[in-house]
Amino acid sequence: MASGEIVNHDRGCKKDVAVRSWRGLAVLACAVVAGLGLTPARAEYPDKIVKIVVPFAAGGGTDIIARTTAQEIQTELGKSVIIENKPGAGTIIGTQTVATSEPDGYSLLMATFAHAVNPSLYNKLPFDPHKDFAAVSLIARSFNIVVVNPASKINSIADLIAEAKVNPGKLNFGTFGTGTSAHLAGELFNAMAKVRMTAVPYKGAAPAISDLLGGQIDVMFTTVASAASLVAAGQLRALAVTSAERSAAFPQLPTVAEAGVPGYAAESWYGLYAPAKTPAPVIARLNQAIAKAVQSGAFKKLEANEGLIMVGSAPEQLDRYVAQEEERWRKLIKDANIEVQ
């Protein structure tokens, strides 16, 4: 064998050893990275459009609050925030959409009163309101306003109670549908005032108010947004607010509790949720954005126009609040035999 061939073989062996050495080092490096729990760097949240699902049609109170939220938090997040309306089945369709979304913070739910009462109204839901969601923040609470036709002889809550007792079951109160805040506020009034008024469900506030104006129904426990302008114009007469304390927006109106039903309080609310298992830093980033948003001028206007009480809570506060609401309304729903098929 020639000397040159011996030299080439030696070089080949050295090269082979070197390659194996580098491979060994690479494997060792991977093992060290794994042992340290290191993962490849991720882009900072958010790095794409964030979507808030509203389980109601566009144009309603929840939609307005969601759009204001989106507008305000996108400034803080530095990325566009859009609204996707998915109405239907008492908020179940939109809620399920978020429950089954990727837990990455890019699909969020604007939840309302329904989130706390649906477990008691429906025999079965396609999601678990607790296990399938991660709380972000309780954005705001709201209340209803008790209104009658100005031609009515009912001028106060005391008059309403007296009339309902004289004519049990004959007074009608309009609702936005079975299990809505307007419906359950009226049923709570029935239970606590010890009267019996009949609920008349409508597909939304507008047709119910139309019948109240026309004299087909006697009273409504409706949202501030749906009634405030009509009260101001003298087309409806306001009797009281359903909140526990008087409203700064309607300081002249007593609470239902003050006006004759001690302990009465019924409110709705708006809270932001993400899918369960959304990373804690993402939840914290969203919560921080909400805390700043509720201090904005846009939300101050909503506070007056929609009868809101701004909150901007920590995630755990939303969890506690909704658990309390769920427990509270469960008893009323069971006692009144209310069920949605």
Side-chain angles (χ1 to χ4, degrees), residues 60-61 113 117 121 142-244 246-247 249-250 252-268 306-307 329 332-333 335-340:
F113 182 82
V117 300
L121 290 170
S142 66
F143 57 87
N144 286 349
I145 186 168
V146 187
V147 291
V148 296
N149 188 303
S152 171
K153 62 181 180 182
I154 298 169
N155 292 291
S156 66
I157 292 296
D159 287 348
L160 180 61
I161 294 171
E163 187 68 21
K165 286 188 173 180
V166 169
N167 297 293
K170 292 186 179 180
L171 287 188
N172 296 323
F173 69 96
T175 80
F176 317 147
T178 302
T180 58
S181 63
H183 177 205
L184 295 186
E187 294 290 359
L188 183 64
F189 185 87
N190 274 344
M192 295 188 70
K194 296 180 173 54
V195 297
R196 183 160 55 89
M197 298 188 298
T198 301
V200 180
Y202 289 84
K203 293 183 177 179
I209 287 176
S210 178
D211 272 6
L212 182 61
L213 292 171
Q216 281 77 42
I217 54 175
D218 302 293
V219 62
M220 277 189 71
F221 295 72
T222 191
T223 62
V224 172
S226 65
S229 62
L230 295 171
V231 170
Q235 293 178 274
L236 289 176
R237 177 188 299 140
L239 305 182
V241 292
T242 65
S243 48
R246 286 201 182 202
S247 166
F250 303 93
Q252 77 283 7
L253 286 180
T255 65
V256 173
E258 286 179 311
V261 189
Y264 180 97
E267 61 183 27
S268 191
E306 303 287 331
W329 292 109
L332 177 75
I333 290 166
D335 291 347
N337 295 314
I338 302 168
E339 185 177 326
V340 178

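All figures in this text were calculated on a predicted structure; none of them were measured in a lab. Keep in mind that the numbers below use all heavy atoms, side chains included, and drop hydrogens, waters and symmetry copies.
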Verify side-chain contact (heavy atoms from CB on, under 4.5 Å) between Leu253 and Ile145, making sure each step is shown before the conclusion. CA-CA 9 Å; Leu253 286 180; Ile145 186 168; 3.7 Å; yes
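- Counting all heavy atoms, side chain and backbone alike, Leu239 lies closest to Ser156 at CD2-N, 3.7 Å.
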Full working for side-chain contact (heavy atoms from CB on, under 4.5 Å) between Val256 and Val146: CA-CA 8 Å; Val256 173; Val146 187; 4.0 Å; yes
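- Considering only heavy atoms from C-beta on, Val219 stays 4.5 Å or farther from Leu171 through its side chain.
- In terms of modelled atom types and a separation under 3.5 Å, the side chain of Tyr264 and the main chain of Glu258 share no donor-acceptor contact.
- Here Lys170 does not pair with Glu163 in a salt bridge; the nearest charged N to carboxylate O distance is not below 4.0 Å.
- Using modelled atom types, one finds no donor on one side chain facing an acceptor on the other under 3.5 Å when comparing Arg237 with Asn149.
- The only member of Ile338, Leu184, Thr180 that meets side chain to side chain contact (heavy atoms under 4.5 Å, CB included) when paired with Val117 is Leu184.
- In this structure, NE2 on His183 lies 11.5 Å from CG on Leu188, to the nearest 0.5 angstrom.
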Would you check, one step at a time, whether the test side-chain contact (heavy atoms from CB on, under 4.5 Å) holds for Thr255 with Phe143? CA-CA 10 Å; Thr255 65; Phe143 57 87; over 6 Å; no
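- Between Gly263 and Ala257, the shortest heavy-atom contact is N-CB, 3.9 Å.
- Looking at Phe173, Tyr202, Phe176 one by one, the single match for side chain to side chain contact (heavy atoms under 4.5 Å, CB included) with Met220 turns out to be Phe176.
- Distance check: Ser210 OG to Leu213 CG gives 6.5 Å after rounding to the nearest 0.5 Å.
- Counting all heavy atoms, side chain and backbone alike, Val261 lies closest to Met192 at CG1-CB, 3.6 Å.
- Residue Asn144 holds its CG atom at 4.5 Å from OG1 of Thr242, rounded to the nearest 0.5 Å.
- Atom-to-atom distance recorded for Ser247:OG and Gln252:CD is 8.5 Å, nearest 0.5 angstrom.
- When all heavy atoms of Gly234 and Pro150 are compared, the closest pair comes out as O-CG, 3.6 Å.
- Judged by distance alone, with hydrogens and angles left aside, the side-chain atoms of Thr198 form a donor-acceptor pair with the main-chain N or O of Gly169 at under 3.5 Å.
- Ala208 approaches Thr175 most closely through the heavy-atom pair CB-O, 4.1 Å.
- Taking CG from Leu212 and CD from Gln235, the interatomic distance works out to 11.0 Å, rounded to the nearest 0.5 Å.
- Atom-to-atom distance recorded for Met197:CE and Phe221:CZ is 4.5 Å, nearest 0.5 angstrom.
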The test is side-chain contact (heavy atoms from CB on, under 4.5 Å); show your working for Ile209 and Thr222 and say whether it passes. CA-CA 9 Å; Ile209 287 176; Thr222 191; 4.1 Å; yes
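- Smallest separation of non-hydrogen atoms from Ala193 and Lys165: O-CE, 3.6 Å.
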